[in-house]
*Asks:* 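One structure coming up, written as structure tokens, with questions to follow.
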Amino acid sequence: QVQLVESGGGLVQAGESLRLSCAAHERTFSPRFMGWFRQVRGKEREFVAVISGTGISTNYADSVRGRFTASRDKAKNTVSLQMNSLKPEDTAVYYCNADGVVGTGMVAYEADFWGQGTQVTVSS
């Protein structure tokens, strides 16, 4: 099991910035992808951003492209989301997601993990 611990949410005004971070607390975890989703109460969880385990490739939802940037620190096994020019419609609970291999050798297995979520609120 891999525990994903998020931090950095909060309340900001429109136009301001926030940075979310997510740390994978398992030294044997080798992620293929790490990313972010968000969910507004009563709506489905939606994709925000993803970055490859190598940190080379990224992809973003159209609604955040150009404003949000995902980055990865392989040494610390973390993923961050820099959110600039925030809008009220960015208000949601943001969830970290990681997909990859846990363990080594004969006991290794592939799995997908979620963080507990962190609230981002953007006031107009």
*Asks:* Compare every heavy atom of Val48 with every heavy atom of Val64, then report the nearest pair and how far apart it is.
*Replies:* CG2-O, 3.6 Å
*Asks:* Could you check Asp90 against Arg67 for side-chain contact (heavy atoms from CB on, under 4.5 Å), going step by step and ending with a plain yes or no?
*Replies:* CA-CA 11 Å; Asp90 294 319; Arg67 299 187 296 122; 2.8 Å; yes
*Asks:* Is there a side-chain contact between Arg38 and Ser63 in this structure, where contact means two heavy atoms from C-beta onward sitting under 4.5 Å apart?
*Replies:* yes
*Asks:* Side-chain atoms of residues 50-59: list all donor-acceptor pairs with protein atoms under 3.5 Å, sequence neighbours left out, distances to 0.1 Å.
*Replies:*
unit_1, atom_1, unit_2, atom_2, d
Ser52, OG, Thr54, OG1, 3.0
Ser52, OG, Gly55, N, 3.3
Ser52, OG, Ile56, N, 3.2
Ser52, OG, Ser57, N, 3.1
Thr54, OG1, Ile56, N, 3.3
Asn59, OD1, Arg65, NH2, 3.4

*Asks:* Sequence neighbours excluded, which residues qualify as side chain to side chain contact (heavy atoms under 4.5 Å, CB included) partners of Ala108?
*Replies:* Val101
*Asks:* Tell me, which pairs form a salt bridge (Lys or Arg N to Asp or Glu O under 4.0 Å) where one or both residues lie in residues 5-16, sequence neighbours left out?
*Replies:* none
*Asks:* How long is the straight-line distance from OG1 of Thr118 back to CH2 of Trp36, given to the nearest 0.5 Å?
*Replies:* 7.5 Å
*Asks:* Between the side chains of Asn77 and Arg72, is a donor N or O closer than 3.5 angstrom to an acceptor N or O?
*Replies:* yes
*Asks:* Would you give the length of the straight line joining atom NE2 of His25 to atom CD of Gln3, rounded to the nearest 0.5 angstrom?
*Replies:* 6.5 Å
*Asks:* Check which hydrophobic residues are tied to Val5 through side-chain heavy-atom contacts below 4.5 Å, counting indirect links as well, and list them.
*Replies:* none
*Asks:* What residues join Val40 in its hydrophobic cluster, counting side-chain heavy atom gaps under 4.5 Å, either direct or through other members?
*Replies:* none
*Asks:* Check side chain to side chain contact (heavy atoms under 4.5 Å, CB included) between Thr28 and all other residues, then give those that pass, not counting sequence neighbours.
*Replies:* Glu26, Val102
*Asks:* Output all residues satisfying side chain to side chain donor-acceptor pair (under 3.5 Å) with Thr69, sequence neighbours left out; order by chain, then residue number.
*Replies:* none
*Asks:* According to the disulfide bond (SG atoms under 2.5 Å apart) rule, which pairs have a member within residues 1-111, sequence neighbours left out?
*Replies:* Cys22-Cys96
*Asks:* Can you pull the ring-ring contact (aromatic ring centres under 6.0 Å, His included) pairs that have at least one residue in residues 50-89, sequence neighbours excluded?
*Replies:* none
*Asks:* Enumerate the residue pairs fulfilling disulfide bond (SG atoms under 2.5 Å apart) with a member in residues 38-88, sequence neighbours excluded, ordered by first and then second residue.
*Replies:* none
*Asks:* Per the ring-ring contact (aromatic ring centres under 6.0 Å, His included) rule, what does the pair list look like for residues 87-122, sequence neighbours excluded?
*Replies:* Phe29-Phe113, Phe37-Trp114
*Asks:* Do Val93 and Val120 land in one hydrophobic cluster if side-chain heavy atoms of ILVMFWY residues count as linked below 4.5 Å?
*Replies:* no
*Asks:* What I want to check is whether the side chains of Thr121 and Gln119 have a donor and an acceptor closer together than 3.5 Å.
*Replies:* yes
*Asks:* Nearest 0.5 Å, what's the OG-CZ distance between Ser71 and Arg19?
*Replies:* 4.5 Å
*Asks:* Just checking, is any N or O donor in the side chain of Asn84 or Ser17 under 3.5 Å from an acceptor N or O on the other one?
*Replies:* yes
*Asks:* More than 12 heavy atoms of other residues, nucleotides or ligands under 6.0 Å from CZ of Phe33: is that the case?
*Replies:* no
*Asks:* Tell me every residue that passes salt bridge (charged side-chain N to carboxylate O under 4.0 Å, His left out) with Asp99, counting only those two or more places apart in sequence or in another chain.
*Replies:* Arg32
*Asks:* For the residue pair Leu86 and Met83, what are the closest heavy atoms and their distance?
*Replies:* CD2-CB, 3.8 Å
*Asks:* Return the minimal non-hydrogen interatomic distance between Val2 and Ala24, and the atom names on each side.
*Replies:* CG1-CB, 4.1 Å
